[in-house]
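What follows is one structure encoded as C-alpha cells, with my remarks underneath.
Since we're looking at a predicted model, the values are computed, not measured.
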Number of protein chains: 2
Amino acid sequence: MTVAKDISGGVALWRRIADAIRLDIVGGKLASGDRLPTEAALAERFSANRHTVRRALAVLADEGVVGAEQGRGTFVRSARRLSYRIGKRTRFSEGLAGQARVTSGQLLSSRIENASAAAATALGIRTGAKVVRMETLSLADGRPLSRATAWLDYRSFADFAGRYTALGSFTAVFASYGIGDYSRASTRISARHADVEETKLLGLTPGAILLVSEAVDIDVAGQPISYALSRFPAERMELVV
Amino acid sequence: MTVAKDISGGVALWRRIADAIRLDIVGGKLASGDRLPTEAALAERFSANRHTVRRALAVLADEGVVGAEQGRGTFVRSARRLSYRIGKRTRFSEGLAGQARVTSGQLLSSRIENASAAAATALGIRTGAKVVRMETLSLADGRPLSRATAWLDYRSFADFAGRYTALGSFTAVFASYGIGDYSRASTRISARHADVEETKLLGLTPGAILLVSEAVDIDVAGQPISYALSRFPAERMELVV
DNA sequence: TCTATTTGTCTAATGAAATAGACAACTATT
DNA sequence: AATAGTTGTCTATTTCATTAGACAAATAGA
C-alpha cells in the first residue's frame with residue numbers, strides 16, 4: 001500500500017506508515033517470521049525520512065506486531081486478524097470458534113436509565129421507558145477484542161447485570177430467563193476512530209480505527225430482546241457476513 | 001462523543017474533533033438545519049482551544065457538512081449517512097433503493113492479469129490463471145460512494161470490461177452472459193485509512209476512514225463468478241446486514 | 001579477521017499543530 | 001440605539017512532526 005506524503009489531512013505520516021505496514025501483516029502479505037524491508041528501503045517506499053519510518057516501527061514493536069534486531073533486521077511477530085462471524089444466529093463466543101482458545105466477557109458497569117430514541121425504536125418500547133444498560137468488555141485468549149454497550153427492557157430483564165456477572169455470557173443469561181434461542185434481526189456496520197476510553201480498555205494506540213456494529217437480537221416470537229453497540233479494533237478483527 | 005487531548009496518537013486534534021462532530025451529524029444526533037453549539041462551547045467540550053475547533057469546523061464547512069454565519073452561529077447543512085444493504089441478494093443499485101435518486105457505475109480501468117492467491121481461492125481457480133481485473137467507481141446522485149476492484153475468471157468473462165462500459169452495471173453484464181440470477185456467498189468487512197488514490201477519487205479529506213468489503217458472488221449453481229474488494233467512505237455510508 | 005549491511009543513538013533545523021489573548025464584524029433582542 | 005452573543009482575524013508562543021546528517025553497535029558472510 002502507498003501513502004500520502006505532502007498532504008497530511010491531520011494524520012501524522014508515522015501513523016499512516018505504521019497503519020500501512022500493519023495492514024500488510026494482518027492482511028497476510030507478510031507472514032509471521034518474515035523480515036521486513038530495511039528501514040532505508042521503507043523510507044524510500046513511503047518517501048519519508050528513515051527516522052519517521054523508525055517511529056512507525058517503534059509503534060508496531062510496542063504493539064507486539066514486529067520486533068527489531070540490531071544488525072539483522074526487523075521481523076514480523078504477530079499473526080493474522082481474527083474473523084467474527086455475523087449471521088442469523090450470532091453468538092460472540094461461537095463467532096470466534098476455532099480461532100481463539102479462551103473467550104470471556106466482563107461487566108464493566110451497568111445502570112438503569114431512560115431509553116434514548118434509538119434504543120426505544122430498536123427495542124420496540126416508548127422513548128424514556130426504563131432500560132438496563134450494560135457496559136462490557138470481551139476478551140479472547142486474554143486480549144480485549146470488543147467493547148460493547150447493550151440495552152435491555154427493564155420490565156423483562158431487571159436483574160440482567162447480576163446474572164451476567166455470575167454467568168459470563170449473554171446467551172447463558174437469556175437462557176436463565178427462559179429464552180432458549182434467539183436470533184439476529186439486524187446489524188448495521190460503520191467505522192470511526194476510537195475515543196480515549198476505548199483506546200485504554202482495548203489496549204490500542206490512540207487514533208486506532210474501530211468497526212462499530214449496531215445490532216438488534218430478537219426471541220423466537222420476533223420480540224426484540226436486546227439492542228447492542230459493539231466496537232471492534234479494525235486492526236485485530238474483521239467481520240464476516 | 002468525547003475525544004483525546006493530551007495524547008495525539010498521530011491523529012491531529014482538529015481532525016478528531018471534526019470526525020466527532022461529523023459523526024454526530026451523520027449519526028442523526030444533529031439534524032439538518034440545527035445550530036451547532038458555539039465555538040466556545042465546543043472548545044470546552046473537547047478541552048481544546050477555540051482556534052483548534054475553528055479549524056475542525058473549517059474542514060466540515062469545506063466538505064459542505066456545516067456552514068458558519070457570522071454573528072448567528074454554525075449550522076448543519078448535510079443529511080444523514082446512506083445505508084448499504086448486504087444480504088444473499090446484494091445488488092449495488094438496489095442496496096441504496098429509496099435513498100438516492102441516481103446511481104451509476106463508471107469503469108476506471110481494466111486489464112488481464114494472473115490471479116493472486118486470494119483471488120484464485122475466492123474464484124476457485126488455480127493461482128496465476130488469467131483473470132479480468134476491473135477498477136470501478138460508483139456514484140449516487142453524482143457523489144462518489146464506492147471504489148471497487150473486481151476479479152473475474154477470464155475463461156468465462158473475457159469481454160466483461162467492454163460490456164460493462166456499455167451497460168453500466170454488473171447485474172446487467174452478468175445477464176448478458178446468461179446469468180439471470182446470482183447471490184452473495186460471503187462478505188468480509190474491515191476498516192482502514194484511505195490511501196492517496198482513494199482519497200482523490202472518492203473526494204475525501206486525507207486520513208478518512210474506509211469500510212472495506214471483500215465479497216464473493218456465486219451463480220445459481222454455486223459457481224463463484226466474481227471476487228470484489230469495495231471501499232466505502234465510513235463518513236458517508238454504513239453497511240446493513 | 002575484515003567488510004558490508006543493518007539497527008540504534010545523538011544533534012540540529014524547519015514547519016505544522018495547538019494554545020493564548022485581544023479585538024473587529026455581524027446578528028438578534030431589548 | 002444599545003447590548004449581549006456569536007463568528008472572523010490578527011499576533012505571539014510552545015510543543016510536536018519531519019527532515020537531515022553523522023557515527024556507534026551488532027550481525028552475517030567472505
Side-chain angles (χ1 to χ4, degrees), chain A residues 2-21 30 33-62 64-77 193 196 205-207, chain B residues 2-21 30 33-62 64-77 193 196 205-207:
Chain A
T2 341
V3 127
K5 182 202 169 182
D6 40 311
I7 38 173
S8 75
V11 182
L13 183 52
W14 61 262
R15 159 119 235 165
R16 283 175 286 152
I17 293 175
D19 287 348
I21 296 175
L30 289 166
D34 282 4
R35 208 190 81 170
L36 296 180
T38 66
E39 294 172 350
L42 288 170
E44 173 152 13
R45 167 174 160 202
F46 292 116
S47 308
N49 191 274
R50 188 181 145 226
H51 293 291
T52 310
V53 169
R54 279 179 61 75
R55 176 149 191 196
L57 291 174
V59 168
L60 295 175
D62 203 56
V65 175
V66 304
E69 297 177 28
Q70 187 166 351
R72 298 192 60 220
T74 305
F75 299 83
V76 177
R77 292 237 185 291
H193 282 123
V196 201
T205 51
Chain B
T2 342
V3 127
K5 182 204 170 181
D6 39 309
I7 36 173
S8 74
V11 182
L13 183 53
W14 61 263
R15 159 126 229 160
R16 282 175 287 152
I17 294 174
D19 287 348
I21 296 175
L30 290 166
D34 281 4
R35 207 190 83 169
L36 295 182
T38 66
E39 293 172 348
L42 289 171
E44 173 153 11
R45 165 173 162 204
F46 293 117
S47 308
N49 191 273
R50 188 179 147 228
H51 293 290
T52 310
V53 169
R54 281 179 59 74
R55 175 147 189 196
L57 290 175
V59 168
L60 294 175
D62 203 56
V65 174
V66 305
E69 296 176 28
Q70 186 166 353
R72 297 193 60 219
T74 305
F75 300 83
V76 177
R77 292 238 185 289
H193 282 123
V196 199
T205 53

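Distances shown here put a side-chain N or O of B:Thr74 below 4.0 Å from the OP1 or OP2 atom of D:dT7. At the phosphate of D:dT6, OP1 or OP2 sits under 4.0 Å from a side-chain N or O atom of B:Arg35.
Closest to the A:Trp14 side chain, of the nucleotides D:dT7, D:dT18, D:dT19, is D:dT18. Taking the side chain of B:Ala68 as heavy atoms from C-beta on, and the options D:dG8, D:dT19, C:dT7, the nearest nucleotide is D:dG8. Residue A:Ala12 has its side chain nearest to D:dA17 when only D:dT19, C:dA17, D:dA17 are considered.
Scored by the side-chain contact (heavy atoms from CB on, under 4.5 Å) test, A:Glu69 finds A:Arg72, A:Phe75, A:Arg77 as partners (sequence neighbours excluded). Evaluation of the side-chain hydrogen bond (donor to acceptor under 3.5 Å, both in side chains) rule for B:Gln70 yields no partner, not counting sequence neighbours. Residues satisfying the side-chain contact (heavy atoms from CB on, under 4.5 Å) criterion with B:Asp62, sequence neighbours excluded, are absent altogether. Taking B:Arg35 as the reference, nothing meets the salt bridge (Lys or Arg N to Asp or Glu O under 4.0 Å) condition, with sequence neighbours excluded. A search for side-chain contact (heavy atoms from CB on, under 4.5 Å) contacts involving A:Ala40 returns A:Thr38, not counting sequence neighbours.
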Exercise. Could you run through nucleotides 20-30 of chain D and give me one letter per nucleotide, 5' to 3': B if any protein heavy atom sits under 4.0 Å from the base, S if only the sugar-phosphate is that close, - if neither?
Key: BB---BBSS--

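The distance between atom CZ of B:Phe46 and atom P of C:dA17, rounded to the nearest whole Å, is 18 Å. Between the CD atom of B:Glu39 and the C1' atom of D:dT9 there is a distance of 12 Å, given to the nearest Å. Atom CZ of B:Arg15 is separated from atom P of C:dA17 by 12 Å (rounded to the nearest Å). In this entry the distance linking CZ of B:Phe75 with P of C:dT27 reads 12 Å, nearest Å. As rounded to whole Å, 12 Å separates atom C1' of D:dT7 from atom CG of B:Leu42. We find that CZ of A:Arg54 is positioned 6 Å from C1' of C:dT7, with the value rounded to whole Å. Going from atom CG of A:Leu57 over to atom P of D:dT18 covers 14 Å, rounded to whole Å. Atom pair A:Arg16:CZ and D:dT18:C1' shows a separation of 11 Å (rounding to whole Å applied).
Side chain of A:Arg54 to backbone of A:Glu39: no donor-acceptor contact under 3.5 angstrom is found.
Figure legend. D:dA12 is base-paired to C:dT19; pairs are counted as Watson-Crick or G-U wobble with both atom distances under 3.5 Å.
In terms of heavy-atom proximity, B:Ala18 sits nearest to B:Ala56 at N-CB, 3.7 Å.
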